[in-house]
A.B. asks: 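The structure under discussion is supplied below as structure tokens; questions concerning it will follow.
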Amino acid sequence: MKNRKYSQLAIALVVVMTISSCRDLFEVKDIQTNPNASSTASINTLFAGTLVGLATIHEDTDCRIAFMWSGQLAGESRQHLAFAQYQVSSATFGWANLYSVLTNARLIQEKATPLNNKTALGIAQVIEAMTIERLTDFWGDVPYSQAINPDKYATPVYDKQADVYTALITLLDKAYENLDAGLGAVAAEKEFIFKGDADSWKHAAKTIQARLYLHQGNYAAAIASANLGVIDPSGDALVPHGVSQTIDLNMNFDFFENTRPGDTGFASPAFMSDFMKSPPNKVGNYRRNTKTNEAALFNHFFQTGIYTDGLDPNTADGMFTNNGPHPLVTFYENQLILAESYARLGSPNIPAAVGALNTVRGSLKGGYVNGKTILSKYQALGLQYDDYLDVDFVPGGIANPVSTGRNQQSSLLYEIATAKYFLLIAQYESFNEVRRLQKAVPVVQLGILPTTGTQLPSRYIYPQNQINTNPNVPKVSSGGVADIFQKLPIFQ
């Protein structure tokens, strides 16, 4: 992350989150006040810590499990081999960090409201939505309406996932309205995602909302929101990182390179690397068709045999460097939501869907990937993203060999899903994609297979401390809590 002052203030959230990688920094003078003490912490101080919390819950072990369970990453040894083989329990997961971020986001809202600081209010509402979305997308029904109020609700109810989605969509509308008002400000040096820029947060709010609508299968609403979403790559919401150990390293780099080298890799049984290198109906290595060559992207993501016998993350000069930004909300995701939503609405919308897909391909052609530019040495290996024509997706077209048996719509949806799967690497949304594509109609599957057994995981198990202390934890018909193969309501 971009400067040491940020890192000092940002660690404030550790007081309530116990982020282990930063424990040695508690002697920093700026952080000796509990950020939850609303009488002493300013909005700007709260923002620094709250955003570190938001970053952490998008780069932590739970998210790494999510992109293992999406087929992108494989477990090679120790506990991550067990995770990859779906050996988890209620003791594996926890959500205290998420509720700590929610607590701080609410504190900001409480402080911003009487000051009419609508910029701070709107940003905090977006942070709340992002936090609760991650919570409900992993566990389904979760405490929300009665959460973080232990004096009144010692054992909060678990809100239905559908109700949580409705509440988040409404919250994001409010956030957009507040951010659009142009009132108040947040100090740029404390708000390290967009430097306090309300417009950027406003567009990010709409992309998140479009994502929620896509999960629901409400494609017309997803289009309406995405049209107000992130408008170009400069609007990507990225967590900035630096090169200082225990201060600002990319958490995936720290895991892959420092704490657990060799515990995970990208070779088979992981699906993604093989799919990129030798996809079905390939036209040469790394080529999905005569208009597409993925060699540069492949080498940006992966390197060969550093810690394992297969493929490792490119921590040297690719995506997973120590100072590599981590994507939260991106232009690519926004455009691919548009592309898929148009395509699912049928034939009259095919040109719009192809246009949105080509917008992504046009940016990829320049080598931009989620805050970084692919090095020229990798671009030279193959970087081709020519514009598609509508006819490329009809049977026998460039992107739809007759052998696939797909019609134009399904072939286009397959291409969109493929691009999105690659560009969501290391993001928990990749796990959502795999589950969502199992139920979206028409069904278009990428062919991801379970690492073990016959089923892909569908959810996380409720944390053990919840099972022990809250009688409202949802039960299944057998009387126990749901296992990892029970589908969440939003993906049924």
Side-chain angles (χ1 to χ4, degrees), residues 2 193-195 197 199-200 203-204 207 226-227 229-241 250 272-273 275-277 279 283-303 313-321 323-340 342 351-390 392 398-399 412 415-427 429-430:
K2 294 186 177 178
I193 302 294
F194 288 127
K195 303 300 184 185
D197 184 68
D199 281 345
S200 296
H203 295 308
T207 295
N227 277 327
V230 181
I231 57 178
D232 60 56
S234 68
D236 285 355
L238 305 169
V239 179
H241 287 290
N250 180 293
M272 181 174 173
S273 59
F275 186 42
M276 291 186 74
K277 189 173 182 180
V283 184
N285 216 19
Y286 307 105
R287 297 189 65 135
R288 197 149 64 251
N289 53 58
T290 57
K291 289 189 172 183
T292 308
N293 190 329
E294 306 281 4
L297 193 65
F298 183 94
N299 285 276
H300 178 68
F301 289 160
F302 313 125
Q303 56 186 345
N314 187 344
T315 56
D317 54 17
M319 176 177 173
F320 297 103
T321 57
N323 62 349
H326 185 85
L328 301 177
V329 184
T330 67
F331 170 71
Y332 285 159
E333 182 185 358
N334 192 78
Q335 286 299 119
L336 292 169
I337 290 172
L338 274 174
E340 179 178 349
Y342 278 125
V354 174
L357 176 59
N358 282 338
T359 300
V360 171
R361 292 170 67 83
S363 185
L364 284 172
K365 193 183 301 183
Y368 176 83
V369 182
N370 298 341
K372 301 193 78 172
T373 299
I374 299 173
L375 294 181
S376 58
K377 68 177 182 179
Y378 297 139
Q379 293 193 34
L381 299 175
L383 182 67
Q384 182 185 10
Y385 296 98
D386 297 342
D387 280 356
Y388 283 126
L389 302 174
D390 298 359
D392 290 338
I398 286 171
L412 175 56
E415 184 69 20
I416 293 165
T418 299
K420 194 174 183 186
Y421 183 66
F422 294 165
L423 293 170
L424 287 174
I425 185 171
Q427 298 172 60
E429 183 63 16
S430 63

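Each residue takes its place number in the sequence, starting with 1. Since the model is a prediction, treat every value here as computed from it, not as a measurement.
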A.B. asks: Please identify which of these residues, N299, N293, N285, meets the side chain to side chain contact (heavy atoms under 4.5 Å, CB included) condition with L381.
C.D. replies: N299
A.B. asks: With the side chain counted from C-beta on, respond yes when V354 and D392 share a heavy-atom pair under 4.5 Å apart, and no when they do not.
C.D. replies: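 No - every pair of side-chain heavy atoms lies 4.5 Å or more apart.
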A.B. asks: Look only at the side chain of N314 and the backbone of M319, and say whether a donor-acceptor pair between them is shorter than 3.5 Å.
C.D. replies: no
A.B. asks: I would like to know whether F422 and F275 meet ring-ring contact (aromatic ring centres under 6.0 Å, His included); could you show each step before the answer?
C.D. replies: CA-CA 10 Å; F422 294 165; F275 186 42; 5.6 Å; yes
A.B. asks: Nearest 0.5 Å, what's the CG-OG1 distance between L423 and T418?
C.D. replies: 10.5 Å
A.B. asks: What I'd like to find out is whether the side chain of T315 reaches to under 4.5 Å of the side chain of T321, using heavy atoms alone.
C.D. replies: no
A.B. asks: Can you tell whether the side chains of K291 and E415 come within less than 4.0 Å, N to carboxylate O?
C.D. replies: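 Salt bridge flag = no for E415 with K291.
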A.B. asks: State, yes or no, whether a side-chain contact exists between I416 and Y342 at a heavy-atom distance under 4.5 Å.
C.D. replies: no
A.B. asks: So, applying side chain to side chain contact (heavy atoms under 4.5 Å, CB included) with E294, which one of K277, H300, R288 is it?
C.D. replies: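 Passing option: R288.
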A.B. asks: Less than 4.5 Å apart, side chain to side chain, heavy atoms only: is that true for H326 and F320?
C.D. replies: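 The answer is no; the side chains never approach within 4.5 Å.
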A.B. asks: Any heavy-atom pair between the side chains of N227 and L338 that's under 4.5 Å?
C.D. replies: yes
A.B. asks: I'd like to check T290 versus Q384 (side-chain heavy atoms, cut-off strictly below 4.5 Å). Are they in contact?
C.D. replies: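 The answer is no; the side chains never approach within 4.5 Å.
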A.B. asks: Rounded to the nearest 0.5 Å, how far apart are OG1 of T330 and CD of Q335?
C.D. replies: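 The CD atom of Q335 is 10.0 Å from OG1 of T330, to the nearest 0.5 Å.
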A.B. asks: Flag the pair I337 / K420 as yes when at least one side-chain heavy-atom distance between them is below 4.5 Å, and no otherwise.
C.D. replies: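 SC-SC contact between I337 and K420 confirmed.
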A.B. asks: Are the side chain of S363 and the backbone of T359 linked by a donor-acceptor contact shorter than 3.5 Å?
C.D. replies: no
A.B. asks: Please tell me if the side chains of Y385 and T292 come closer than 4.5 Å, counting only heavy atoms from C-beta onward.
C.D. replies: yes
